[in-house]
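Down below is the structure, laid out as structure tokens.
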Amino acid sequence: MTLLKSNLPPLPKGRHYRYHVMAKPSGSECNIDCDYCFYLHKAELLEHPAQARMSDETLESYIKQYIESQTGKEVIFSWQGGEPTLMGIAFYQEVVDLQKRYAKPGQRIENDLQTNGIALDDDWAIFLKKNHFLVGLSIDGPQELHDFYRKTRNGKPTFEYVLNASKLLRQYEVPFAALCVVNRQNAKYGKAVYRFLVDEIGTARVQFNPAVEPRVFKEQAPGKLDFSNAPLQDSPSAKPGHPLSIVTDWSVDADDYGQFLCDVWDEWLATDFGRVHVNLFETAVAQAAGMGAQTCTQAEFCGKGLAVEHDGQVYSCDHFVYPEYRIGNIKVSHLGDLAFSATQEKFGMDKRDTLPQQCKVCDYLKMCWGECPKNRLIRTKDGEAGLNYLCSGLIHFYKHIDADLVKILRHLKLLK
């Protein structure tokens, strides 16, 4: 087995090479078939074989390269899919063993695993607890909301499986977060969704991800669409459900998304501030205090969150796994060299450098930075391309929390 060496130059004292990767050891394969899945079609798009699996050699190369190309005190491995539990417990035992072999002195290795919970059982819970995995459990709210889009391959509901998985994780004291996809259906029930995740699922970590995909997402890569005829902001075709809509029917309405965040914020601030971690809220507080964003979507630049497929192919981002954004293969080029390559640097800088003028003069630019580039699907009211589909909702949310942020910063003694 040949293990590549990195060509990264040494850094001045006090500086670090740090980046993050989402690994897809089972490719896009999954044991359920969610209507809004943005990844299941990758098998056909990327011509993956049936039951794609990461080989032992590729796994070792990935772990070694990922660890040695980072100089920080912590390296976080994220295992996603598809459905990563399809790899089985033995695969992740090999992961842990390899991490111990290649970890640098004083370096902390962490693992997280994003799952739909279907395959979790006592053996899985014991392994995850023993090896300190943080689990992300996908659930979209109470049963009628969760089951609307999240179904088995034969169209059956999945709610009971996920509910049982949450009980199992709590029983074995496995730390876990609820990942909720905010879609066209559940966006109208912000408070109910939030309270269910915290009170019934029993987690103190909640991540909200907006479901947004153009109708042609299975064929065309983000940023490669013809924007000359993209809908203007607030026009009917810039909303889901319109016959000529630019987005899928299950995509969240931008205004509904903004109101969802407002409703959840009010409930969180009134009852759970300091107790429950909500990704978008924590980063809003941090940014208001002049600190860096804690989520890539709200950061000024991106490019530090790559994706590695089962076959060693490396892509610029988890949401940009398309041939146009393939930057190399760890079997040919070292992962660290790819992560800090000129191609990837440009990808990251483009997030800021391609913003339309409307964003550049927006009061909330430094809270949003145009959100995720994959969602820049519409034109501004002046006709300039590259505006984020969620713009109106995000502005509504930031206006809503403005005064609260000032109170929070004063409470935390971060503002006089």
Side-chain angles (χ1 to χ4, degrees), residues 1-10 17-30 39-72 75-88 90-104 107 109 111-114 221 303-348:
M1 177 179 180
T2 302
L3 296 177
L4 299 172
K5 293 184 178 180
S6 173
N7 294 313
L8 290 174
Y17 285 112
R18 297 194 68 178
Y19 63 102
H20 182 239
V21 170
M22 291 186 182
K24 314 278 191 174
S26 57
S28 61
E29 187 181 354
C30 191
Y39 214 81
L40 201 58
H41 74 284
K42 303 299 183 184
E44 181 178 354
L45 179 70
L46 305 178
E47 298 181 344
H48 288 169
Q51 292 190 325
R53 296 290 186 269
M54 182 176 281
S55 69
D56 292 343
E57 183 175 4
T58 302
L59 176 65
E60 184 170 359
S61 294
Y62 167 57
I63 289 176
K64 180 178 185 296
Q65 292 177 29
Y66 190 42
I67 289 175
E68 71 182 7
S69 58
Q70 303 201 63
T71 56
V75 180
I76 300 175
F77 284 81
S78 294
W79 305 97
Q80 299 201 1
E83 175 51 44
T85 59
L86 294 176
M87 297 300 295
F91 173 84
Y92 292 100
Q93 183 60 60
E94 180 66 13
V95 164
V96 172
D97 293 343
L98 288 168
Q99 289 170 343
K100 291 177 180 178
R101 181 188 307 174
Y102 290 111
K104 300 171 186 175
Q107 193 175 55
I109 306 295
N111 287 281
D112 59 69
L113 182 141
Q114 183 63 43
K304 289 292 187 73
L306 292 77
V308 172
E309 262 289 349
H310 74 283
D311 54 4
Q313 298 283 10
V314 183
Y315 297 84
S316 289
C317 172
D318 178 41
H319 285 277
F320 286 76
V321 178
Y322 291 82
E324 295 90 334
Y325 294 97
R326 184 185 293 127
I327 60 175
N329 192 303
I330 61 173
K331 299 174 185 177
V332 178
S333 303
H334 195 284
L335 180 58
D337 296 334
L338 296 174
F340 296 97
S341 65
T343 298
Q344 187 64 5
E345 181 180 354
K346 182 179 185 304
F347 174 85

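Position 1 is the first residue of the sequence, and the numbers go up from there.
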Considering all heavy atoms, the nearest Val321-Leu45 contact: O-CD2, 4.0 Å
Please name the pair of heavy atoms, one in Leu335 and one in Tyr19, separated by the smallest distance, quoted to 0.1 Å. CG-OH, 3.4 Å
Given the options Met54, Gln80, His310, Lys24 meets side-chain contact (heavy atoms from CB on, under 4.5 Å) only with Gln80
Closest non-hydrogen atom pair between Tyr66 and Val21, with its separation: OH-N, 3.1 Å
Distance-only donor-acceptor pairs under 3.5 Å for side chains of residues 90-97, two or more places apart:
residue: Tyr92; atom: OH; partner: Pro84; partner atom: O; Å: 2.7
residue: Gln93; atom: NE2; partner: Asp97; partner atom: OD1; Å: 3.1

What one should report as the nearest heavy-atom pair of Leu40 and Cys30 is CD1-CB, 4.1 Å
Do Asp311 and Leu46 have side chains that approach each other closer than 4.5 Å (heavy atoms only, starting at C-beta)? no
Which pairs of donor and acceptor atoms, one on a side chain in residues 339-346, lie under 3.5 Å apart (sequence neighbours left out)?
residue: Ser341; atom: OG; partner: Leu338; partner atom: O; Å: 2.9
residue: Ser341; atom: OG; partner: Gln344; partner atom: N; Å: 3.2
residue: Gln344; atom: OE1; partner: Ser316; partner atom: OG; Å: 2.8
residue: Gln344; atom: NE2; partner: Gly303; partner atom: O; Å: 2.9
residue: Gln344; atom: NE2; partner: Ser316; partner atom: O; Å: 3.0
residue: Lys346; atom: NZ; partner: Asp350; partner atom: OD2; Å: 2.9

Kindly give the heavy-atom pair with the smallest separation between Gln65 and Ile330, and that separation in Å. NE2-O, 3.1 Å
Euclidean distance, Gln70 CD relative to Tyr17 OH, rounded to 0.5 Å: 12.0 Å
Aromatic plane relationship, Trp79 with Tyr62 - under 30° parallel, 30 to 60° tilted, over 60° perpendicular: perpendicular
Is any NZ, NE, NH1 or NH2 atom of the basic residue among Lys64 and Glu60 found under 4.0 Å from an Asp or Glu carboxylate oxygen of the other? no
What closest approach, in Å, do Tyr39 and Ser28 show between heavy atoms, and which atom pair accounts for it? O-CB, 3.1 Å
Any non-hydrogen side-chain atom of Lys331 less than 4.5 Å from a side-chain atom of Ser61? no
Glu68 side chain to His334 side chain, donor-acceptor N/O pair below 3.5 angstrom: yes
